[in-house]
Novice: 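Could you have a look at this structure, given as structure tokens, before my questions?
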Amino acid sequence: MTILPTYNMLLVPAADLYMRVSQYREVTGRSPEVDERVTMIVSREGAKNQTFTAESFYPIGLSGVIREVSGEGFLVIRAGNRVDIESIGVSPEGRLDLIVSRREEAADISEEEEARRAQAAREALYRFLADQPWGAAARAFLDRQSSLGELAAALSPWIESSNAERYAILAEDSRAARTALLEKFIYENLEMAKLSQEANSERQEDYQKLYRENAIRKQLEYLQRELDEMHPENVSDLRRLEIRIAESGMNETARKEADKVLSRLRQEGDHGAETGMLYNYLDFLTGLSWKKEEARPIDLSAAEAVLEEDHFGLKKVKDRIIQQIAVMNLRKQQSGSILLFVGAPGTGKTSIGQSIARALGREYVRVSLGGVRDEAEIRGHRRTYIGAMPGRIMDAIAKSGVSNPVMVLDEVDKLSVSYNGDPASALLEVLDPEQNSTFTDHYMNVPYDLSDVLFICTANSADTIPEPLLNRMEVIQFQGYTPLEKLEIARKHLLPKAMQAVGLTGDAITVTDEALSAVISDYTREAGVRGLKKRMDTLCRTAAVHLVRGEEHLEVTPESLREYLDMNPLRHRTVRRNTAPGIVTGLAWTPVGGEILYIETMFTPGSGKITVTGQLGDVMKESAQLAISLVRHMFPGSAAMFEKNDLHIHVPDGSTPKDGPSAGVTLTTAIASLVTGRTVPSVIAMTGEVSLRGGVNAIGGLPEKLMAAQRAGVERVFIPEDNLDDLRDVPEEVKAALTITPVKTVDEILTACGVTADGVVLKAV
Ligand code: ADP
């Protein structure tokens, strides 16, 4: 049972009552819907938004049902019997509790007498209406009311009278006396209307307009409904939209806008210039889900099982996701902190987002932000634009069909700023829990509540994400996979999926572990598993062709890969066999994972000029300068060499831009090797930033770099001692394959590599 506090309403038993939707919201805090059992109770003061106490209400109420929530901002309540309020309780949160019993009345007037007096009142009203320009419509409306009570109730929304006066009518136990009171209500107000009409006040005009419009609309709606029922096949698009608007449950602002657009659409007709645009707008608006979904409790172990089932490894990531789900459970919320998954392509960032949706039993949508430069792509174009469309966020909400999807915002690091506004700041608004409950897409032009959407962002690197945006999110790193992990992923996930996609069964084909490992090492070069997935797909497609051609059982081995994959093995960047003084192996971090690189240096006769090539960024160029100064300082005997020669520093693979300070130790060692003529074996690699005094400082991306080193066949790696903590994130098999030496100064590296001048290493100061 719904308890409905009322004010300014005439409560008449057995009549249709019209309550404003806004009043309903005010007193209940909810949107109205059809409701079988309602008890209306009358507030004494009629004040708005007051805190109710048991004394706030009169002792008699009225039962009823909410029959319809009409388009015109009214709900129609069919009133039933009067009830005595036996007790009323108000909980501290303002919840009302009610015990009621039916209140009897004295049937001291005959039905004929009632009907006669109702007819007399009707005639008086009609006489008055006959002189009104809008009288016919009002009359049509009043035609549908039969009793005095119904007439009075239908008129009452446009009549001003006190709560006490209205309550007196409800409280009257004698039907005869109530009839008299109702007559008084009608006739008095009719006289008032006549008087004030003469005065023709502005307010009166407003009332008339409202009354008229309402009456016409009601009548139209009524006729239209009858027509629709007679010819369901002819229900017009407009009518359909109207029904969809009424049923969508949209908020009041949206409802007003929709009604406005609908009436413009009516005026435009079928062939108006704006018809299509208006139609699309309403179609979009009504296609959105305006319903709030309940926050359902989530079974943590079931969620864990789903995550485990979809993805191999990623332990830290899964742990963090489970924490998030637990917090959401506790707080009964549907969203929480915004997670940012950072890592190389193909490491599972997007697909784990999908898995989260599955674990939560919620819809999943993905929005790609790569290359978005225009604010309107996030927030939509205003409808005045030709070809205006909603932004990507609202578009995704529409696609999801719900108000609480899990939304993966892909590639937030690829947003760019242009003259068309800053998409990042629009995104900020989307993600800000303070603002996103009233997110307003320019196209929609009405607010939509995004606060239940669970946002997950992905990026290849956090470096290019604007600071304010980054501050809103919690970064979770996705490290690249080791060959062993890739083998497991291929075996357990990628291969079975690829087989399933082409209809292969385990009886038909065997892929050996050796073959899978060979695909990983020789046919892919990546930190993630995207390429591997493609190879698995190709392999299965080729296998399908073989089987259809009649081959029996297929076995895929490393030797047959070239044919199955229809490609040559990739040339891997492995450490070079030959090397010479001045060439040293370094380690680089790129958004797609780690790589080894070489620093090559050479003296040519000249006059001390320095040339740097290989698309180096400013920071790396500065590191080169620093390395030169450091070597000159450490090996004073080399001064003449630098003066009589030009020094050329080159970092091969010249087409890839490189930057960052982490090649400092490699540059220094390479130049020192050149100066001293001592060769550094290419199976030794190093990474670290160098200070002017020869100290070695921490660098980023150590796990990826070490994985690249192992892949390339490096045996020994020097790393900054300050990075020791990062070794925790390095897979065991990588650590086992490498001799990792932490150092504090570049001097230690030089000594260990035997780069000394005449056996004497000059100390860095
Ligand atoms: P990203 O978003 O990081 O670029 P994706 O989520 O698109 O990567 O992943 C690419 C493919 O690799 C998907 O098909 C995904 O299912 C698969 N994948 C990635 N990591 C794993 C994993 N740990 N276990 C199983 N499959 C994985």
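Excluded from the calculations below are hydrogen atoms, water molecules and symmetry mates; all remaining heavy atoms, backbone and side chain alike, are included. Indexing begins at 1, ligand by ligand and atom by atom, following the structure's order.
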Novice: Would you say that T687 contacts W589 through its side chain, given a criterion of any heavy-atom pair below 4.5 Å between the two side chains?
Specialist: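 No; the side chains remain at least 4.5 Å from each other.
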Novice: May I ask you to list the atoms of ligand 1 that are less than 4.0 angstrom from any heavy atom of P345?
Specialist: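 Reading through ligand 1 atom by atom, the close ones are 4 (O).
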Novice: Going by an N to O cut-off under 4.0 Å, is there a salt bridge joining K735 and E732?
Specialist: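 Yes, K735 and E732 are salt-bridged.
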Novice: At under 4.0 Å between heavy atoms, is it the side chain or the backbone of T347 that contacts ligand 1, or both, or neither?
Specialist: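 Within the 4.0 Å criterion, T347 contacts ligand 1 through backbone and side-chain atoms alike.
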Novice: Report the residue from K292, Q334, K291 that forms a side-chain hydrogen bond (donor to acceptor under 3.5 Å, both in side chains) with N404.
Specialist: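 The side-chain hydrogen bond (donor to acceptor under 3.5 Å, both in side chains) with N404 is passed solely by Q334 among K292, Q334, K291.
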Novice: What do you reckon, does G343 put a non-hydrogen atom under 4.0 Å from ligand 1?
Specialist: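 It does not; every heavy atom stays at 4.0 Å or beyond.
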Novice: Which of the numbered atoms in ligand 1 are under 4.0 angstrom from any heavy atom belonging to T350?
Specialist: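 Atoms satisfying the 4.0 Å criterion: 1 (P), 2 (O), 6 (O).
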Novice: To the closest 0.5 Å, what do you measure between CD (E488) and CG (L494)?
Specialist: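 Between atom CD of E488 and atom CG of L494 there are 11.5 Å.
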Novice: Checking side-chain hydrogen bond (donor to acceptor under 3.5 Å, both in side chains) against R366, which of T350, D410, T458 comes through?
Specialist: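 Output: one option passes, namely D410.
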Novice: Looking only at protein heavy atoms, which one is nearest to atom 10 (C) of ligand 1, and what is the separation?
Specialist: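 Protein heavy atom at minimum distance: G346 CA, 4.0 Å.
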Novice: Which ligand 1 atoms does V529 reach within 4.0 Å, using its non-hydrogen atoms?
Specialist: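 What qualifies from ligand 1 is 12 (O), 17 (C), 18 (N), 19 (C).
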Novice: What is the closest protein heavy atom to atom 8 (O) of ligand 1, and at what distance does it sit?
Specialist: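 Residue, atom and distance for the closest contact: G348 N, 3.2 Å.
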Novice: Decide yes or no on side-chain contact (heavy atoms from CB on, under 4.5 Å) for L285 and M250, but give the supporting numbers first.
Specialist: CA-CA 9 Å; L285 213 60; M250 53 180 78; 4.2 Å; yes
Novice: What residue and atom, counting heavy atoms only, is the protein's closest point to atom 26 (N) of ligand 1, and at what distance?
Specialist: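 Answer, as residue, atom name and distance: I489 CG2, 3.8 Å.
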Novice: Should E309 and R358 count as an ion pair when the cut-off is N to O under 4.0 Å?
Specialist: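 So E309 pairs with R358 through a salt bridge.
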Novice: I'd like to check which ligand 1 atoms, numbered from 1 as shown, lie under 4.0 Å from a non-hydrogen atom of Y481.
Specialist: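 That gives atoms 20 (N), 21 (C), 22 (C), 23 (N) of ligand 1.
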Novice: What protein heavy atom sits nearest atom 11 (C) of ligand 1, and how far away is it?
Specialist: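 Ranking protein heavy atoms by distance from atom 11 (C) of ligand 1, first comes K533 CD, 4.0 Å.
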Novice: Using a strict 4.0 Å cut-off to heavy atoms of D310, name the atoms of ligand 1 that fall inside it.
Specialist: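 Contacts of ligand 1 toward D310, numbered from 1: 25 (C).
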Novice: Do me a favour and list the nearest non-hydrogen protein atom to atom 23 (N) of ligand 1 with residue, atom name and distance?
Specialist: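 The closest heavy atom on the protein side is F312 O, 2.7 Å.
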Novice: Tell me: protein heavy atom nearest atom 6 (O) of ligand 1, and distance?
Specialist: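 Nearest protein contact, heavy atoms only, for atom 6 (O) of ligand 1 is S351 N, 2.7 Å.
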Novice: Could you tell me whether R541 and D537 make a salt bridge, using a distance below 4.0 angstrom between a side-chain N and a carboxylate O?
Specialist: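 Here R541 does not pair with D537 in a salt bridge, since their nearest N and O are not under 4.0 Å apart.
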Novice: Using 30° and 60° as the class limits, which term best fits the ring planes of F341 and F478: parallel, tilted or perpendicular?
Specialist: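 Tilted: the ring planes of F341 and F478 meet at 30° to 60°.
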Novice: I want to confirm something. Looking only at heavy atoms, which of R530, M536, K349 is nearest to atom 4 (O) of ligand 1?
Specialist: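 Of the listed residues, R530 has the closest heavy atom.
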Novice: Please examine the side chains of I397 and P405, heavy atoms only from C-beta on, and report whether any two atoms are closer than 4.5 Å.
Specialist: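 Yes, side chains in contact.
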Novice: Checking a contact table here: which protein heavy atom is nearest atom 27 (C) of ligand 1, and how many Å away?
Specialist: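 Minimum-distance protein heavy atom for atom 27 (C) of ligand 1 reads H311 CD2, 3.8 Å.
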